[in-house]
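Worth saying up front: this structure is predicted, and the values here are computed from it rather than measured. Just so it is clear: chains get the letters A, B, ... in the order the sequence lines come, proteins before strands, and each one is counted from 1.
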Number of protein chains: 2
Amino acid sequence: MIRITIFEDNDPLRQLLAAVLNASNAFTLAGAYPDATDILNDLKQEQPDMVLMDIDMPGVSGLQALKMIKQFNPVIKVVMHTVFEDNDKIFESICAGADGYLLKSATEQELLQSLLQVHAGGAIMTPSVARKVLTLFAKFAPAKKGEEYNLSDREKDVLRLLIKGYSYKMVAAELNLAVETIRTYIKRMYEKLQVHSMSAAVAKALKEGLV
Amino acid sequence: MIRITIFEDNDPLRQLLAAVLNASNAFTLAGAYPDATDILNDLKQEQPDMVLMDIDMPGVSGLQALKMIKQFNPVIKVVMHTVFEDNDKIFESICAGADGYLLKSATEQELLQSLLQVHAGGAIMTPSVARKVLTLFAKFAPAKKGEEYNLSDREKDVLRLLIKGYSYKMVAAELNLAVETIRTYIKRMYEKLQVHSMSAAVAKALKEGLV
DNA sequence: GTCCCTGTCCCCCAAAAGTGGACTTGCCCA
DNA sequence: TGGGCAAGTCCACTTTTGGGGGACAGGGAC
């Protein structure tokens with residue numbers, strides 16, 4: 001039996017969820033609270049395997065609660081539960097280590113199914129949320145690799161060090177080369193990248209995912 | 001009826017998929033191919049609403065095919081289909097705009113269900129893939145932690161321009177200020193960021209999502 | 001009121017960065 | 001088999017930065 005704790009400020013909904021989970025033969029309710037004010041104590045006492053967390057709660061928000069849970073014990077799976085598809089909240093939840101993001105519009109079947117899959121080590125999102133995640137992802141990550149600047153190995157070495165804030169001297173020391181040599185690498189690199197300063201090169205490298 | 005085209009080099013599997021899709025009353029098979037060598041022509045002739053794409057095919061890979069489809073017509077939904085949970089391929093697929101990423105271990109029910117949800121505008125991933133995506137996401141995205149450097153508005157302005165490769169002079173010109181003023185901002189900023197060069201400041205700003 | 005942060009400006013000076021050559025070594029290739 | 005060419009090594013010269021000072025007005029904070 002999977003021990004699960006619910007945080008949900010809406011009384012009827014919380015009772016419904018509790019009933020649904022208790023009725024299933026896979027879950028046993030460890031606890032059900034209308035808010036997360038005393039969450040750490042609740043968790044310590046009940047030791048749930050997972051938590052179903054409403055995002056919008058008075059007092060401690062679901063997001064804060066999520067962070068506290070993951071800090072307390074990252075093994076506890078946390079599924080966020082909300083009516084809104086708010087990009088920022090989705091984004092924050094994911095970054096805070098949420099294991100799932102379900103809309104309240106999901107059916108009981110879907111909910112149970114999803115919770116089981118999370119317990120099995122997966123992560124779940126309703127398709128509309130998944131769409132947003134993928135969109136966000138594609139926007140954030142795509143260090144577009146399209147541009148190929150043909151930097152030589154040495155040039156990339158140098159670039160990596162520049163990104164760490166090294167000066168010509170420090171790079172030279174690090175690579176056991178003369179400073180003058182470094183100057184040339186950088187010079188040629190600037191030509192390839194079409195920049196004229198370290199900061200521009202570093203910015204380009206980080207933004208386009210070179211190195 | 002949703003028009004769908006299949007690319008799958010494994011003959012029995014392709015035939016099975018075709019049969020399953022044809023048997024459902026939601027889909028109609030627009031085409032089924034063992035490879036994507038002539039994909040653009042295939043798409044032009046059949047005008048499918050969506051594509052189920054095997055990733056590992058001889059000749060044109062599923063990844064390449066995905067990119068071609070999205071370039072040809074981004075409206076066509078593409079669901080990637082594979083046996084492997086390969087991080088790189090997941091990553092690339094997402095960045096190339098895939099609308100879903102299904103493992104071949106999914107049941108027929110799940111497959112049909114998922115394709116329907118994609119057609120409805122969602123995105124789908126098997127839970128294990130979703131887990132990887134979330135992990136990648138949390139790693140890639142915004143290291144924007146609580147680090148607060150208390151940069152003033154002007155300092156942030158300057159920082160933004162430095163990231164664009166501007167020199168002190170250019171920043172001064174852009175903001176209609178004396179170069180000496182810019183020097184002061186940058187000096188104070190360096191102290192706050194605890195760096196000693198433009199490149200280090202730019203790197204820090206980009207890595208930690210300041211500005 | 002005084003203290004401290006911001007915004008604006010100034011000087012000086014040493015160090016670092018940016019640019020223009022120049023030389024050697026390989027390697028590709030015609 | 002000699003020319004071209006990218007990469008690796010180095011020097012000289014000019015500009016830009018970085019870090020050290022100060023100055024002064026306006027605004028909150030205390």
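In the set D:dG8, D:dG18, C:dA17, the nucleotide with an atom closest to the side chain of A:Thr181 is D:dG8. Here C:dA16 is the nucleotide among C:dT8, C:dA16, D:dG19 with the atom lying nearest to any side-chain atom of A:Lys169. In this structure, the nucleotide among D:dG18, D:dA12, D:dG22 sitting nearest to the side chain of B:Arg183 is D:dG18. Nearest nucleotide to the side chain of B:Tyr190, out of D:dT9, D:dG18, D:dC11: D:dG18. Nearest to the side chain of B:Thr184, among D:dA12, C:dC10, C:dG7, sits C:dC10. For A:Ala178, the listed nucleotide lying nearest its side chain is D:dC10; candidates were D:dG22, D:dG18, D:dC10. Relative to the side chain of B:Arg188, the nucleotides D:dA23, D:dG18, C:dT19 differ in distance, and D:dA23 lies closest. Closest approach to the B:Ser167 side chain among D:dT17, D:dG18, D:dG8 is made by D:dT17 (side chain taken as heavy atoms from C-beta onward).
Taking atom CD1 of B:Ile182 as the reference point, atom P of C:dT6 lies 16 Å away to the nearest angstrom. Between the P atom of D:dA7 and the CD1 atom of A:Ile186 lies a distance of 15 Å, rounded to the nearest Å. Whole-Å rounding puts the A:Lys187 NZ to D:dC10 C1' distance at 10 Å. For A:Met189 and C:dA17, the CE to C1' distance is 12 Å, given to the nearest whole Å. Protein atom CG of A:Leu177 is 8 Å distant from nucleotide atom P of D:dC10, rounded to whole Å. Regarding B:Asp153, its CG atom lies at a distance of 10 Å from the C1' atom of C:dT6, rounded to whole Å. The nearest whole Å value for the distance from the NZ atom in A:Lys192 to the C1' atom in D:dC5 is 12 Å. When rounded to the nearest whole Å, the span between CD of A:Glu155 and P of D:dT9 equals 12 Å.
Taking 4.0 Å as the cut-off between side-chain N and carboxylate O, A:Lys44 and A:Asp38 do not count as a salt-bridged pair.
At least one side-chain nitrogen or oxygen of B:Tyr168 sits closer than 4.0 Å to the OP1 or OP2 atom of D:dG18. Between B:Ser152 and C:dG7 there is a side-chain polar atom (N or O) within less than 4.0 angstrom of OP1 or OP2.
Within 6.0 Å of CG on B:Asn41 lie more than 12 heavy atoms contributed by other residues, nucleotides or ligands.
At a threshold of 4.0 angstrom between heavy atoms, the contacts of A:Ser197 are confined to the sugar-phosphate backbone, with no base atom among them.
Using a 4.5 Å heavy-atom threshold, the side chains of B:Lys89 and B:Phe84 count as separate.
Between B:Lys104 and the choices B:Asp54, B:Thr126, B:Thr82, the side chain to side chain donor-acceptor pair (under 3.5 Å) rule is met once, by B:Asp54. The side-chain contact (heavy atoms from CB on, under 4.5 Å) with A:Leu162 is formed by just one residue from the set A:Ile182, A:Val202, A:Asp157; it is A:Val202.
Toward the 5' end of DNA chain C, the nearer of the two residues B:Arg154 and A:His196, judged by each one's closest nucleotide, is B:Arg154.
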